[in-house]
2 protein chains.
Amino acid sequence: MLSITCQTAIKAITYIASKYPENKKVGLKEIAIHINESEHTIGKVLQKLSKLSLISSHKGPKGGFFISKTQHNLPLLLIVKAIEGDSYFEMCGLGLSKCSDKHPCPIHKDFKPVRESFRKFCAKMTIGDLYSDLNVGNAFLIG
Amino acid sequence: MLSITCQTAIKAITYIASKYPENKKVGLKEIAIHINESEHTIGKVLQKLSKLSLISSHKGPKGGFFISKTQHNLPLLLIVKAIEGDSYFEMCGLGLSKCSDKHPCPIHKDFKPVRESFRKFCAKMTIGDLYSDLNVGNAFLIG
DNA sequence: ATAATAAAGGACAAGTTTGTCCTTTATTAT
DNA sequence: ATAATAAAGGACAAACTTGTCCTTTATTAT
Ligand code: FES
Ligand code: FES
């Protein structure tokens, strides 16, 4: 399960990305309304993504958050790793210090493929992909 | 990702179950050593599983934890649900209040199958299955 | 019956994650 | 230049999870 912080990050970046076609920047207040989270909380997590250049931002009037064409093509994986930590997709399901075929925990054989399928999906899906269904009303960020 | 508490529960129950063939009860101290967790912490979580009859216990000298034949065949799913909550396998990956095909979040289409494959594995694997590899040295609870 | 043992249970302590506020810095428009 | 705007950043507060301790209760053996 992804942490609440990571879920917020994904929803926020999805909303920001959804304005990419119109080339519009969005502010914290606007994001807060559309993903139903506190402005402060969103600000905090976007700060982190911004520092890592996963999203872009401009200060001042007419400022806000937006994504570049390059960022538009970044995989969801980078956001998850940024928030959950780089080793998120290598962790043992039972908390052993290291997940390994040589020294497996009792659920390793079945857990690893599940974890791997989630990783693959995160690696394949881009930030751009996240909002396509949203913009045609086939996906939602609230509810 | 399963919570630390749930990981501890699974490791503890696996160790308890591993003594099922010998028909031996195990105490908190012994479990603590073999799964490398604090005795107190394990006691707390086993209390819960015991109350739900997912494991059995006897107080007093020669007491300890053990599993019955029926419990031996219970699916891992019940342990996970007991600790993480009944709706664990129905939760939206982005934290929407309800995961639904009709009102999906942007990752629903890909997330749901992953979640479902994890659920299926938990439903299929029994407590008895957990220790079989352990007892022949092909799986580990520590490291 | 008594003493020893071991889980059950309650209370609370520590640690981690999440959320809030306030000040600073950068940008824009006047 | 000045004022207004909006993100960046630091500090702290609240909530939740995890870990520890201590007392009670049940069981066993003497
Ligand atoms: S060792 Fe536990 S999941 Fe791989
Ligand atoms: S609605 Fe988000 S995972 Fe189903």
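Here is how names work: the chains are called A, B, and so on, in the same order as the sequence lines, proteins then strands, and each is numbered from 1.
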Base, sugar-phosphate, or nothing for [X], non-hydrogen atoms under 4.0 angstrom?
X	value
S50(B)	sugar-phosphate
G43(A)	nothing
G27(A)	sugar-phosphate
T41(A)	base

Nearest-neighbour nucleotide for the [X] side chain, [options] considered:
X	options	result
S3(B)	dA4(C), dT28(C), dT18(D)	dT18(D)
H40(B)	dC21(D), dT28(D), dG9(D)	dC21(D)
K59(A)	dT18(C), dG19(D), dA26(C)	dA26(C)
Q47(B)	dG9(C), dG19(C), dT5(D)	dG9(C)
F65(A)	dA7(C), dA8(D), dT27(C)	dA8(D)

Exercise for the section: Return the 5'-most residue of the pair S38(A), G63(B) with respect to DNA chain C, ranking by each residue's nearest nucleotide. Expected result: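 Result: G63(B).
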Separation of [N] [atom2] from [X] [atom1] (nearest whole Å):
X	N	atom1	atom2	answer
K48(B)	dT17(D)	NZ	C1'	11 Å
K44(A)	dC21(C)	NZ	C1'	9 Å
L28(A)	dA6(D)	CG	C1'	8 Å
K29(A)	dT5(D)	NZ	P	9 Å
L2(A)	dT18(C)	CG	P	11 Å
L46(B)	dT18(D)	CG	P	15 Å
K51(B)	dG9(C)	NZ	P	5 Å
E84(B)	dC16(D)	CD	C1'	14 Å

Exercise for the section: Would you please classify the geometry between the H58(A) ring and the F66(A) ring as parallel, tilted or perpendicular, with 30° and 60° separating the classes? Expected result: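 Ring orientation, 0 to 90° scale: tilted.
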Practice task
Answer yes if the ring centres of H72(B) and Y131(B) are under 6.0 angstrom apart, and no otherwise.
Solution key: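 Yes: the rings meet the under 6.0 Å criterion.
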Practice task
Tell which nucleotide pairs with dA26(C), taking only Watson-Crick or G-U wobble pairs whose two distances are both under 3.5 angstrom.
Solution key: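 For dA26(C), the partner nucleotide comes out as dT5(D), under the 3.5 Å rule.
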Practice task
Just name whichever nucleotide pairs with dT16(C), Watson-Crick or G-U, keeping both distances under 3.5 Å, else none.
Solution key: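 Looking at the geometry, dT16(C) pairs with dA15(D).
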Practice task
Check whether any side-chain N or O of S57(B) sits under 4.0 Å from OP1 or OP2 of dA8(C), and answer yes or no.
Solution key: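 It does, given that an N or O in the side chain of S57(B) lies less than 4.0 Å from OP1 or OP2 of dA8(C).
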[X] side chain near [Y] side chain, heavy-atom distance below 4.5 Å:
X	Y	result
I127(B)	Y20(B)	no
T5(B)	T8(B)	no
L52(A)	L78(A)	no

Handout entry: Pair D129(B)-T126(B), side-chain donor/acceptor within less than 3.5 Å
Key =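 There is such a pair (donor and acceptor under 3.5 Å, judged by atom type) between the side chains of D129(B) and T126(B).
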